[in-house]
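When a ligand or atom number is given, it counts from 1 through the structure's own listing order. Note: hydrogens, waters and symmetry copies are ignored here, and every other heavy atom, side chains too, is used.
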Amino acid sequence: MSLNAGHPTPKSVHSLQVTDATLSWRNLDDAEERVSTHEIVFTIDFSTAQRPNYIVYVLREDADAQSHPFHLDLLQTDAIPAELRHGYLINGIPPHLQPTPSNKVDVIVSIKSGTGRAQSFWQAALQPLLRSASSHPVVEQYNLVVTQDAQSVRQYAKTIDGPPSAARTIILLSGDGGVADLLNGREPVPDAPLPLMALLPLGTGNALFHSLHKPCATTPGPTPLVLALRTLFLGAAANLPVFEAKFTPGSHMVAHADGSQAALQLPHRRQVSSLYGAIVASHGFHASIVYESDTPAYRVHGAKRFGMVAQELLKLSHPYKAALDVRPPSSAAASEGEFERDAHETHGYILVSMVSNLERNFTISPASRPLDGKLHLVHFGAVGGDRAMEAMVKAYDGGKHVDVKWDDGERVRYEEVGEVRIVSGEDDERWRVFCVDGTIVQVARGGGMSVARASRELLRVLVDEGARA
Ligand SMILES: Nc1ncnc2c1ncn2[C@@H]1O[C@H](COP(=O)(O)OP(=O)(O)OP(=O)(O)O)[C@@H](O)[C@H]1O
């Protein structure tokens with residue numbers, strides 16, 4: 001795909017002013033228009049010695065407009081107010097977004113992520129932005145991958161590590177599942193440069209994006225997609241910490257649980273012994289929500305699908321039979337003596353997190369900081385639906401669930417850990433599911449999962465400077 005196929009035409013404007021978080025300007029016919037400053041992505045300075053020339057990029061989003069949810073305004077002007085100089089003023093497209101023989105740039109558009117807005121975002125916002133920002137001819141083409149099926153990102157990931165090894169930027173328009181597919185679909189060559197991933201949060205939870213951008217997100221403030229575009233152009237590269245979840249023999253990945261013939265026929269019961277993750281590994285309530293909400297019928301509800309399934313599962317309030325062993329973070333090696341058995345024989349919630357947030361407002365691990373690479377355990381026993389609900393509601397209140405204690409001595413256990421092992425004691429396969437970054441693994445009877453930080457790094461990620469502070 002050539003990005004030089006046509007530059008979007010900017011609109012000539014004048015008299016730009018910023019007042020009370022509003023940017024106003026006049027069009028050529030002198031009509032005034034205004035937008036919130038939170039909708040300004042950034043300004044590119046294309047000035048030459050002969051002529052000042054700026055383009056201000058504005059992303060307008062309308063979540064209710066199914067067919068055209070995004071619109072990118074390109075405002076061309078010869079003068080910008082001081083507020084735009086202090087904000088996000090750049091001189092053109094950064095090197096990591098320029099395709100050259102030594103730097104490949106791939107764009108992955110996962111069309112079924114979230115509520116299916118990735119394709120619109122690419123066509124109406126990102127593609128025109130990249131075209132406009134590339135003032136010089138691009139010498140090679142961007143590689144555009146639009147997903148054809150659920151395996152597309154994994155198949156793409158298989159192709160990226162072969163020789164010759166050039167630097168590579170992957171612009172990922174998806175949710176967390178796209179990241180999981182990149183981490184697990186690859187066959188990395190030792191010493192090959194780590195690909196650089198840019199996250200455009202177009203999934204449902206977008207846990208990794210929201211956790212990495214927590215220090216720079218404000219309310220009111222820019223939308224996640226405005227933040228993401230700023231990070232895409234202005235962000236810094238950082239190694240992405242990852243964990244490895246290992247599974248006992250006989251474990252397999254499963255697709256979704258709607259029980260229909262079509263679902264049963266999907267070729268998704270693949271054997272698995274280990275998965276890399278960057279977000280979360282869980283068993284119990286969380287894993288069951290992810291598993292049972294990943295049906296086409298629930299997916300149309302966006303992030304609400306988790307809450308809908310959670311209601312059903314809370315009614316059942318299943319006590320998950322399992323042995324839980326925890327190794328503290330201080331013990332470097334995984335020696336047997338370092339593990340401590342949790343006193344509970346049945347559990348409600350067992351979750352190991354490498355990030356602070358599973359959704360924008362759902363703070364599962366308030367002590368986690370972007371890129372700190374630490375694992376935190378969040379656990380409670382089979383405390384019943386009402387108390388589980390109480391804890392979950394507090395997670396939406398800035399992560400207050402971690403202080404919850406009940407009168408009978410039960411509490412939410414929250415601590416940094418080095419490694420966690422869970423062995424299921426369930427007979428019914430419905431309750432033997434584990435979740436790694438949205439991928440569901442079902443273990444055999446008596447099987448389980450162990451989770452610890454991985455010894456290697458697999459990807460770099462673009463982050464806001466604030467995330468590295
Ligand atoms: N063209 C397609 N056909 C069928 N399935 C697809 C297609 N494109 C993507 N998918 C699948 O859709 C799912 C999208 O997952 P992703 O994690 O990106 O979004 P999400 O689940 O909505 O968000 P999150 O994980 O952040 O909550 C993946 O399982 C992916 O394999």
Side-chain angles (χ1 to χ4, degrees), residues 63 69 106-122 144-158 170-185 197-214 224-225 228 240 253-258 262-263 265-270 272 275-282 286-310 351 353-362 364 435-441 461:
D106 303 335
V107 182
I108 315 291
V109 182
S110 176
I111 62 171
K112 292 278 169 74
S113 294
T115 48
R117 300 182 309 151
Q119 181 86 302
S120 303
F121 184 78
W122 166 245
L144 177 65
V145 178
V146 178
T147 58
Q148 303 300 313
D149 55 40
Q151 306 305 317
S152 295
V153 181
R154 274 184 171 252
Q155 275 156 9
Y156 156 81
K158 277 198 196 352
I170 304 169
I171 305 174
L172 188 61
L173 282 67
S174 88
D176 296 313
V179 181
D181 286 341
L182 286 183
L183 286 174
N184 291 295
M197 174 176 69
L199 298 171
L200 277 305
L202 286 150
T204 308
N206 304 305
L208 184 58
F209 175 87
H210 292 305
S211 298
L212 290 174
H213 284 79
K214 202 162 183 172
L225 286 166
L240 178 71
M253 286 192 254
V254 285
H256 58 74
D258 71 358
Q265 283 166 12
L266 285 174
H268 285 174
R269 287 186 157 252
R270 272 204 315 241
V272 63
L275 286 172
Y276 290 106
I279 302 163
V280 76
S282 70
H286 174 266
S288 291
I289 292 175
V290 177
Y291 173 52
E292 301 199 7
S293 71
D294 194 6
T295 68
Y298 275 122
R299 269 196 164 268
V300 293
H301 299 288
K304 290 196 195 108
R305 69 182 155 108
F306 299 129
M308 295 161 81
V309 171
L351 182 145
S353 186
M354 207 169 222
V355 299
S356 61
N357 281 55
L358 295 187
E359 298 170 34
R360 191 178 180 185
N361 298 315
F362 188 79
I364 191 65
C435 170
V436 176
D437 290 6
T439 299
I440 294 295
V441 174
V461 64

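An N or O contact shorter than 3.5 Å links Thr204 to ligand 1 by distance. Every N/O-N/O distance between Ala207 and ligand 1 stays at or above 3.5 Å. Note: no N/O pair closer than 3.5 Å links Gly203 and ligand 1 by distance alone. For a threshold of 3.5 Å applied to N or O pairs, the pair formed by Phe306 and ligand 1 contains no separation below that value. Distances between N or O atoms of Asp181 and those of ligand 1 include no value under 3.5 Å.
Partner Val107 forms a side chain to side chain contact (heavy atoms under 4.5 Å, CB included) with one of Leu172, Val145, Ile170, Leu173 and no other, that one being Leu173.
Close contacts between ligand 1 and Ser110 involve ligand atoms 8 (N), 9 (C) [criterion: under 4.0 Å to a heavy atom]. Near Asp149, meaning under 4.0 Å from any of its heavy atoms, are these atoms of ligand 1: 1 (N), 2 (C), 3 (N), 4 (C), 5 (N), 6 (C), 7 (C). Residue contact check: Ser174 has heavy atoms under 4.0 Å from atoms 18 (O) of ligand 1. The distance from ligand 1 to the heavy atoms of Ala150 drops below 4.0 Å at these ligand atoms: 3 (N), 4 (C), 5 (N), 6 (C), 31 (O). Counting the atoms of ligand 1 from 1 in the order shown, those under 4.0 Å from a heavy atom of Ile111 are 1 (N), 8 (N). Listed by number with element, the atoms of ligand 1 under 4.0 angstrom from any heavy atom of Thr147 are 1 (N), 2 (C), 7 (C), 8 (N), 9 (C). Here is the list of ligand 1 atoms found below 4.0 Å of a heavy atom in Gly175: 16 (P), 17 (O), 18 (O), 19 (O), 23 (O), 26 (O). Those atoms of ligand 1 that come under 4.0 Å of a heavy atom in Asn206, given as number and element, are 26 (O).
Looking at Asp176, its side chain never comes within 3.5 Å of a backbone N or O of Val179 through a donor-acceptor pair. In this structure a side-chain-to-backbone donor-acceptor pair under 3.5 Å is present from Thr147 to Ile111. Using modelled atom types, one side-chain atom of Ser211 and one backbone atom of Asn357 make a donor-acceptor pair closer than 3.5 Å. Side chain of Gln119 to main chain of Arg117: no donor-acceptor pair is present (N/O by atom type, distance under 3.5 Å, no hydrogens or angles). No donor-acceptor distance shorter than 3.5 angstrom exists from the side chain of Asn206 to the backbone of Arg360, with no hydrogens or angles considered.
Of all protein heavy atoms, the one lying nearest to atom 17 (O) of ligand 1 is Gly177 N, 2.6 Å. Regarding atom 27 (O) of ligand 1, its nearest protein heavy-atom neighbour is Gly205 N, 2.7 Å.
Counting all heavy atoms, side chain and backbone alike, Val290 lies closest to Gly438 at CG1-O, 3.8 Å.
Neither the backbone nor the side chain of Gln151 comes within contact range of ligand 1; no heavy atom lies under 4.0 Å. In Glu359, neither the side chain nor the backbone holds a heavy atom less than 4.0 Å from any atom of ligand 1.
In this structure, atom 19 (O) of ligand 1 is in close contact with the protein, since a protein heavy atom lies within 4.0 Å of it. The presence of a protein heavy atom under 4.0 Å from atom 4 (C) of ligand 1 is confirmed.
Rounding to the nearest 0.5 Å gives a distance of 7.5 Å between OG of Ser174 and CG of Leu199. To the nearest 0.5 Å, the span separating CG on Asp437 from CG on Leu208 amounts to 8.0 Å.
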Side chain to side chain contact (heavy atoms under 4.5 Å, CB included) between Val280 and Val355, intermediate numbers included:
CA-CA 7 Å; Val280 76; Val355 299; 5.7 Å; no

Kindly indicate, with the supporting measurements, whether the criterion side chain to side chain contact (heavy atoms under 4.5 Å, CB included) is fulfilled by Leu182 and Tyr156.
CA-CA 8 Å; Leu182 286 183; Tyr156 156 81; 3.7 Å; yes

For the pair Val461 and Leu212, evaluate side chain to side chain contact (heavy atoms under 4.5 Å, CB included) and give the outcome as yes or no after the intermediate values.
CA-CA 10 Å; Val461 64; Leu212 290 174; 4.0 Å; yes

Between Leu358 and Ile279, is a side chain to side chain contact (heavy atoms under 4.5 Å, CB included) present by the stated rule, with each step listed?
CA-CA 8 Å; Leu358 295 187; Ile279 302 163; 4.1 Å; yes

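With atom 25 (O) of ligand 1 as the reference point, the heavy atom nearest to it among Thr115, Thr439, Val109, Asp176 is part of Asp176.
Residue-ligand proximity: His210 is placed with every non-hydrogen atom at 4.0 Å or more from ligand 1. Put simply, no part of Gly438 is less than 4.0 Å from ligand 1, judged by heavy atoms.
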